[in-house]
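Shown next, in structure tokens, is the structure this report addresses.
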Amino acid sequence: MNPQLQQQVQSDPQLQQQMQMNPQLQQQAQPDPQMQMPTQQQMWQQQMMQQQMPGYPPQMPTGNRSMFGNSQQQMQQQAPACPNLIPDNPFRVIDYKPMRLFSDSDHNFSLTEANAVANFVSQKQGDRAKNLYLCFDIGGSTTDISALYKLDSGLTMIKQNSIRFAAQRVSEATRHVVGFEKVLMQICEKFNITILGLNQGDRRFSSETAPYYFNQIVDKLDDNQLPDFYKIIAAECPQLMWINMYVTGLLLFYAGQIASKLVDDIAHTNWSELAPINNTSPKVTVVFAGKGSRLLQWLTTTKGDAGKDYYNQLFEEGYVGERQIFPPIESLEIEYPTIDNSQDIKYEVSKGLAKSATQLCNPADDTPSEIIGESGFSVRSLDGNIYPVEYVNSITPEMMEWIGNLFNPDDSAPCGKFFQFCNIFYGAAQQFFDMKVSQEVFMEGFRKMNIVQYVQNLPEFVEAKRDKNKKNGKFDFVAPIIILEGMKFYDDYLLKSLR
């Protein structure tokens with residue numbers, strides 16, 4: 001708002017009359033969105049007023065009444081409708097409206113892979129009240145994340161989503177690791193393993209076939225042999241160990257962020273949906289599933305408690321960050337996969353499917369629940385105001401679609417959360433495995449992150465844009481920014497450093 005003009009208008013009736021007759025003066029007196037930053041309370045009061053007024057905002061005239069004629073109608077039809085992007089409502093009340101996946105009388109039900117793993121977790125962990133279970137099912141190309149919490153109507157999957165950041169990031173790195181063939185040959189000799197093309201027949205090992213032989217070895221080793229595999233990698237190919245630390249560490253950092261968001265959501269859940277005993281802070285349990293969960297064994301096997309301390313520190317940093325106030329929890333337990341408790345690895349889906357009945361519930365709204373994971377972002381709402389959003393703020397497909405337009409990072413201070421993760425990772429990787437990547441490489445990666453352009457060039461983003469009209473106008477791609485930053489830095493800098 002122009003303060004001087006506003007003051008003059010309020011004190012001068014003649015100027016008020018002039019303004020009514022002069023559109024230019026009216027325009028000058030309009031609020032300046034850069035200078036007017038309403039409080040969150042004012043913003044949400046404004047949103048509620050809009051919801052209660054069906055005619056707000058006023059619509060442009062259409063049909064024969066439009067002074068712009070048919071060309072104006074065509075422009076309105078062609079122009080994409082701008083969403084009203086606003087931060088999470090701090091005064092929100094969440095209604096999950098949970099529904100049973102299947103009724104007791106339905107004997108022909110089927111489960112998705114994510115539901116099957118959640119079913120297995122519920123069977124193994126139970127459905128104790130106050131317990132929030134956060135499960136990371138680490139596969140080859142994707143990691144499925146689900147969260148279970150007991151509401152009054154039953155154990156409910158309050159979160160379910162996937163990210164394209166998983167074990168394949170480590171196996172693909174073997175293409176660039178000098179000496180990896182030596183590791184494979186040592187393991188084959190130690191345990192009398194024969195693999196065609198590696199130590200039998202014509203040699204077929206190359207940088208292109210390295211991931212294949214990596215997976216062959218992992219599949220052939222039993223639980224008692226895997227620790228030797230990890231230790232030989234640490235001795236002969238330490239760079240592959242810190243690649244593993246990067247991938248698994250970023251998942252733990254992100255897990256802390258997700259847990260913080262979910263605990264806060266539980267605190268905002270409608271009391272009518274909560275189980276009677278759930279009136280205090282929840283107990284958080286983080287569990288891992290899938291073949292890729294073995295990646296967490298590498299560091300805990302070779303470095304013991306120091307490896308667990310690294311992961312715990314990353315989870316805590318993701319949960320708390322630099323905030324002075326954060327959602328309280330009663331207790332935290334992270335169940336790292338160990339050699340002793342690995343009998344269920346790879347079998348979680350089949351065991352979840354084999355469970356005779358499921359009591360699991362799903363929220364009525366099945367929109368993927370995701371967070372930004374990165375600081376420094378802001379959104380611009382329809383009223384023209386720009387609002388900063390926290391790193392644990394939800395990220396929606398609409399925000400993703402309008403990144404670089406209505407949803408923007410602060411380019412003057414890029415990737416603050418990713419920097420915090422890298423700071424912990426860099427120190428630990430140097431301490432444990434003498435990582436030979438300079439700080440200048442990391443700083444260059446931060447400066448050249450340019451996450452907007454990266455996101456807009458992703459195949460998933462391009463496909464979602466292209467297929468939007470086929471899906472009733474829905475843009476169906478969303479992903480946490482912190483993970484996308486991790487993917488970009490991995491591809492552009494870490495892999496190159498291996499070469």
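Worth knowing before you read on, the calculation uses all heavy atoms, side chains too, and leaves out hydrogens, waters and symmetry mates. All residue numbers in this chain count up from 1 along the given sequence. From a predicted model like this one, the values you see are computed outputs, not experimental measurements.
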Inset, instruction - Apply the test side chain to side chain contact (heavy atoms under 4.5 Å, CB included) to residues T338 and T300: give CA-CA distance (whole Å), side-chain angles for both, the deciding distance (0.1 Å), then the verdict. - result: CA-CA 8 Å; T338 65; T300 55; 5.6 Å; no

Inset, instruction - Describe, in one word, how the ring planes of Y336 and F288 are oriented to each other, choosing from parallel (under 30°), tilted (30 to 60°) and perpendicular (over 60°). - result: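 Plane angle under 30°, so parallel.
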
Can a donor-acceptor pair be found, under 3.5 Å and without considering hydrogens, that links the side chain of [X] to the backbone of [Y]?
X: R175; Y: E208; answer: yes
X: T301; Y: W298; answer: no
X: N393; Y: D88; answer: yes
X: Q456; Y: I403; answer: yes
X: H268; Y: P90; answer: yes
X: N244; Y: L295; answer: yes
X: E374; Y: F418; answer: yes
X: R294; Y: K291; answer: no
X: Q257; Y: Y391; answer: no
X: E330; Y: P282; answer: no

Using a 4.5 Å cut-off on heavy atoms from C-beta on, say whether the side chain of [Y] contacts that of [X].
X: R380; Y: L85; result: no
X: L226; Y: Y230; result: yes
X: T248; Y: L299; result: no
X: K468; Y: E401; result: yes
X: V286; Y: E335; result: no
X: P98; Y: P363; result: no
X: L251; Y: I163; result: yes
X: N362; Y: T156; result: no

Legend entry - Stepwise side chain to side chain contact (heavy atoms under 4.5 Å, CB included) check, I243 with V177: CA-CA 10 Å; I243 286 290; V177 176; over 6 Å; no

Legend entry - A234 versus T302, closest heavy-atom pair with distance: CB-CG2, 4.2 Å

Inset, instruction - Starting from the C-alpha separation in whole Å, work towards a yes-or-no answer on salt bridge (charged side-chain N to carboxylate O under 4.0 Å, His left out) for E273 and K97. - result: CA-CA 8 Å; E273 291 189 351; K97 298 182 175 64; 5.7 Å; no

Residues in side-chain contact (heavy atoms from CB on, under 4.5 Å) contact with [X], at least two apart in sequence or another chain:
X: D309; value: N312
X: K436; value: D434
X: D222; value: N224, Q225
X: R203; value: E181, F205

Legend entry - Q453 side chain to N450 side chain, donor-acceptor N/O pair below 3.5 angstrom: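 Judged by distance alone, the side chains do pair up.
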
Inset, instruction - Under the side-chain hydrogen bond (donor to acceptor under 3.5 Å, both in side chains) rule, collect the residues that match up with K488, sequence neighbours excluded. - result: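 Scan of K488 (side-chain hydrogen bond (donor to acceptor under 3.5 Å, both in side chains), adjacent residues dropped) gives D492.
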
Not counting sequence neighbours, which residues clear ring pair (Phe, Tyr, Trp, His ring centres under 6.0 Å) with [X]? List them please.
X: Y310; result: none
X: Y96; result: none
X: Y246; result: F421, F425
X: Y493; result: F489

Inset, instruction - Let me see the working for R169 and E172 under salt bridge (charged side-chain N to carboxylate O under 4.0 Å, His left out), right down to the final yes or no. - result: CA-CA 5 Å; R169 298 281 170 177; E172 289 298 312; over 6 Å; no

Inset, instruction - State whether Y319 and K261 meet the cation-pi test: NZ (Lys) or CZ (Arg) under 6.0 Å from the six-membered ring centroid, and within 45° of the perpendicular axis. - result: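 The answer is no, since K261 fails at least one limit relative to Y319.
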
Legend entry - Pair listing, side-chain hydrogen bond (donor to acceptor under 3.5 Å, both in side chains) test, anchored in residues 183-197, at least two apart: none

Inset, instruction - For atom CD of E316, decide whether the heavy atoms of other residues, nucleotides or ligands shown that lie under 6.0 angstrom number more than 12. - result: no

Inset, instruction - Count the heavy atoms belonging to other residues, nucleotides or ligands that lie under 6.0 Å from CZ of R204, then report whether that count exceeds 12. - result: no

Euclidean distance, [Y] [atom2] relative to [X] [atom1], rounded to 0.5 Å:
X: I94; Y: L274; atom1: CD1; atom2: CG; result: 10.0 Å
X: T396; Y: I86; atom1: OG1; atom2: CD1; result: 10.0 Å
X: L184; Y: I195; atom1: CG; atom2: CD1; result: 7.0 Å
X: Y426; Y: N423; atom1: OH; atom2: CG; result: 10.5 Å
X: Y254; Y: T143; atom1: OH; atom2: OG1; result: 9.5 Å
X: K130; Y: I266; atom1: NZ; atom2: CD1; result: 11.5 Å

Inset, instruction - Report the residue from I481, I372, L406 that forms a side chain to side chain contact (heavy atoms under 4.5 Å, CB included) with M399. - result: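 Of all the options given, the one that passes is I372.
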
Legend entry - Ring center gap for Y133 and Y149 short of 6.0 angstrom: no

Inset, instruction - Mind jotting down which residue pairs meet the salt bridge (charged side-chain N to carboxylate O under 4.0 Å, His left out) criterion with at least one end in residues 410-423? Sequence neighbours excluded, please. - result: E322-K417

Inset, instruction - Go through the steps to decide whether D265 and R92 satisfy the test salt bridge (charged side-chain N to carboxylate O under 4.0 Å, His left out), and finish with yes or no. - result: CA-CA 9 Å; D265 282 350; R92 66 191 182 279; 2.9 Å; yes

Legend entry - side chain to side chain contact (heavy atoms under 4.5 Å, CB included) assessment of I482 paired with L250: CA-CA 9 Å; I482 183 70; L250 187 55; 4.1 Å; yes

Quick one: side chains of residues 440-449, donor-acceptor pairs under 3.5 Å with protein atoms, not counting sequence neighbours, listed by atom name and distance.
residue : atom : partner : partner atom : Å
E440    : OE1  : S438    : OG           : 3.4
E444    : OE2  : K448    : NZ           : 3.3

Inset, instruction - Start with the C-alpha distance between D476 and K470, add both sets of side-chain angles, then the distance that settles salt bridge (charged side-chain N to carboxylate O under 4.0 Å, His left out), and finish with yes or no. - result: CA-CA 11 Å; D476 66 351; K470 300 178 184 178; over 6 Å; no

